[in-house]
Amino acid sequence: MKKILMLMLVVFSVVITGCSFFQEDKPEPPKQISFTIYRAAVDGSDKLIPEKFTMTDNGKSLPENALLALVGAKPQGAQFEDVIPKGTRVLSFSITPEGTALANFSKEIVKNGQGSYNEVMMTGAIVNTLTEFPEVKQVQILVEGKKVITLGGHLDVEDPLKRNESLLQK
């Protein structure tokens, strides 16, 4: 009789606690991060349009994720034009203590025959996207780890570039 009573108490306590020690912890849903990237207007108006971008947090900094999205993700609307040459990859990214973002791209970013419009819009998109973040004051564009004079023959990128508000659509 005592054994039956003890067994009933154990069963009763398991039922009351909801078998919690048998349940697995449910993983938290992945954290989403959002930021703004800039893309050229498809109408050729010499303006960059802000595009809100949301993705799953991958542990990288917001500026690095913004650069990766600008280079690797397709525009999310018909009003945006992608001016980054196909095949371009971000090889590395860092920010100096003084606030200079070092954006290192693969050689595909230097596209022969690229017109001045595309070069200005591309560099403007990179610089204005990265300078959205307060820790980035200017951007040094590198190709395969080296400074270059120009990406397409029309714009000097040898020194760090600062934000260009005149390119932004108001």
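Values in this document were obtained by computation on a predicted structure and should not be read as measured data. The figures here come from the full heavy-atom set of this structure, side chains too, leaving out hydrogens, waters and symmetry mates.
Residue pairs meeting the side-chain hydrogen bond (donor to acceptor under 3.5 Å, both in side chains) criterion with at least one partner in residues 96-108, sequence neighbours excluded, are Ser92-Asn104, Thr96-Glu98, Thr100-Gln138, Ser106-Glu108. Within the structure, no pair that satisfies the salt bridge (charged side-chain N to carboxylate O under 4.0 Å, His left out) test touches residues 87-97, not counting sequence neighbours. For residues 30-54, the set of pairs meeting the salt bridge (charged side-chain N to carboxylate O under 4.0 Å, His left out) definition, not counting sequence neighbours, comprises Arg39-Glu51, Arg39-Asp82. Within the structure, salt bridge (charged side-chain N to carboxylate O under 4.0 Å, His left out) contacts touching residues 142-156 (residues at least two apart or in different chains) do not occur.
For Glu28, there are no side chain to side chain contact (heavy atoms under 4.5 Å, CB included) partners two or more places apart in sequence or in a different chain. With sequence neighbours left out, the side-chain hydrogen bond (donor to acceptor under 3.5 Å, both in side chains) criterion links Ser61 to no other residue. Residues satisfying the ring pair (Phe, Tyr, Trp, His ring centres under 6.0 Å) criterion with Phe35, sequence neighbours excluded, are Phe53. Applying the side-chain hydrogen bond (donor to acceptor under 3.5 Å, both in side chains) rule to Asn58 yields the partners Asn65; only residues at least two apart in sequence or on another chain are considered. In terms of the side chain to side chain contact (heavy atoms under 4.5 Å, CB included) criterion, Asp159 has no residue partners (sequence neighbours excluded).
A distance of 6.5 Å separates CD1 in Ile84 from CZ in Phe105, rounded to the nearest 0.5 Å. Annotation: the span from Lys60 atom NZ to Leu67 atom CG amounts to 10.5 Å, rounded to 0.5 Å.
Under the 4.5 Å side-chain contact rule for hydrophobic residues, Val42 and Ile37 do not share a cluster. Linking Ile, Leu, Val, Met, Phe, Trp and Tyr residues whenever their side-chain heavy atoms come within less than 4.5 Å places Val110 and Val90 in a single cluster. Both Val157 and Leu167 belong to a common hydrophobic cluster when Ile, Leu, Val, Met, Phe, Trp and Tyr are linked at side-chain heavy-atom distances under 4.5 angstrom. Hydrophobic cluster membership is shared by Val148 and Leu161, with clusters built from Ile, Leu, Val, Met, Phe, Trp and Tyr side chains linked at under 4.5 angstrom.
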Side chains of residues 120-132: which donor-acceptor partners sit under 3.5 Å, not counting sequence neighbours?
unit_1: Thr123; atom_1: OG1; unit_2: Glu119; atom_2: O; d: 3.0
unit_1: Thr123; atom_1: OG1; unit_2: Val120; atom_2: O; d: 3.2
unit_1: Asn128; atom_1: OD1; unit_2: Asn164; atom_2: N; d: 3.1
unit_1: Asn128; atom_1: ND2; unit_2: Gly124; atom_2: O; d: 3.1
unit_1: Asn128; atom_1: ND2; unit_2: Asn164; atom_2: O; d: 3.4
unit_1: Thr129; atom_1: OG1; unit_2: Tyr38; atom_2: N; d: 2.9
unit_1: Thr129; atom_1: OG1; unit_2: Ala125; atom_2: O; d: 2.7
unit_1: Thr131; atom_1: OG1; unit_2: Val127; atom_2: O; d: 2.8
unit_1: Thr131; atom_1: OG1; unit_2: Arg163; atom_2: NH1; d: 2.9
unit_1: Glu132; atom_1: OE2; unit_2: Tyr38; atom_2: OH; d: 2.8
unit_1: Glu132; atom_1: OE2; unit_2: Arg163; atom_2: NH2; d: 2.7

Below 3.5 Å, can you tabulate the donor-acceptor pairs from side chains in residues 68-79 to any protein atom, sequence neighbours excluded?
none

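Connectivity analysis of hydrophobic side chains (ILVMFWY, heavy atoms under 4.5 Å, direct or indirect) links Ile49 to Phe80.
Among all heavy-atom pairs drawn from Tyr117 and Ala40, the shortest one is OH-CB, 3.9 Å. The two residues Ala101 and Phe93 have their closest heavy-atom pair at CB-CE1, 3.8 Å. Residue Thr36 comes nearest to Pro50 through the heavy atom pair CG2-CB, 3.6 Å, listed as atom of the first residue, atom of the second, then distance. In terms of heavy-atom proximity, Ser34 sits nearest to Leu62 at O-CD2, 4.4 Å.
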